[in-house]
Amino acid sequence: MFERPRRCFNRSQFIEYPVLSMFGSEEHHFTLHYNPLLFNEGTQVLGEAWTHNHAIRLEDKKDGRITLWWNGIRFNEFVVGEDGVYRTQVADNWQDRIVSTLDGYLLTLPDQSTYQFSLQG
């Protein structure tokens with residue numbers, strides 16, 4: 001089922017295309033996203049202006065900052081606090097927390113869902 005394209009003020013179309021859904025004790029979805037305004041932005045494994053919801057990764061800048069890439073084109077910058085917890089100043093994600101663990105990093109979202117990352121991100 002193809003979602004009806006959303007149009008922006010400049011007449012660009014944004015498309016979300018659900019490819020796969022898995023149901024069990026937890027739901028998992030694989031969705032493709034098309035955004036023509038981001039043509040030539042970042043590394044696009046799926047082609048120009050396409051990305052997906054499972055491209056999440058971390059980059060430790062080694063200076064007290066971590067970049068969390070939600071997909072190939074969207075990211076947030078997190079800065080470590082005195083308590084050792086990384087936080088972002090972005091309003092949409094200000095409750096997200098990243099902590100360093102022995103074997104990587106742990107991202108906790110406001111709904112208490114977690115993502116575990118290796119030291120390589």
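It should be emphasised that the depicted structure is a prediction, and the values quoted were computed from it without experimental measurement. All residue numbers refer to positions in the sequence shown, counting from 1.
In this structure, the separation between CD1 on I56 and OH on Y115 is 5.5 Å, given to the nearest 0.5 Å. Taken from CG in L119 to CG in L102, the straight-line distance is 9.5 Å, to the nearest 0.5 Å. Here F75 contributes atom CZ and T67 contributes atom OG1; the two are 6.5 Å apart, rounded to the nearest 0.5 Å. Rounded to the nearest 0.5 Å, atoms CZ (F117) and OG1 (T101) are 11.0 Å apart.
Between F78 and T88, the closest heavy-atom pair is CD2-N, 3.6 Å. Shortest non-hydrogen contact noted between E59 and W69 is OE2-NE1, 3.2 Å.
Between H29 and F23, the two ring planes are perpendicular [angle over 60°; tilted spans 30° to 60°].
Cluster partners of V85, by chain and number: V99, L106. The rule joins Ile, Leu, Val, Met, Phe, Trp and Tyr whenever side-chain heavy atoms lie under 4.5 Å apart.
Annotation: salt bridge (Lys or Arg N to Asp or Glu O under 4.0 Å) contacts of D96 (sequence neighbours excluded): none.
Using a 4.5 Å cut-off on side-chain heavy atoms (C-beta onward), V79 and Q89 make no contact. Between Y86 and L68, the closest side-chain pair of non-hydrogen atoms is not below 4.5 Å.
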Exercise for review: Start with the C-alpha gap between L107 and L58, add the side-chain angles, then the distance that decides, and say whether side-chain contact (heavy atoms from CB on, under 4.5 Å) holds.
Suggested key: CA-CA 10 Å; L107 166 66; L58 283 180; over 6 Å; no

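Judged as a salt bridge (Lys or Arg N to Asp or Glu O under 4.0 Å), the pairs with a partner in residues 75-86 (not counting sequence neighbours) are, in order, R65-E77, D83-R87.
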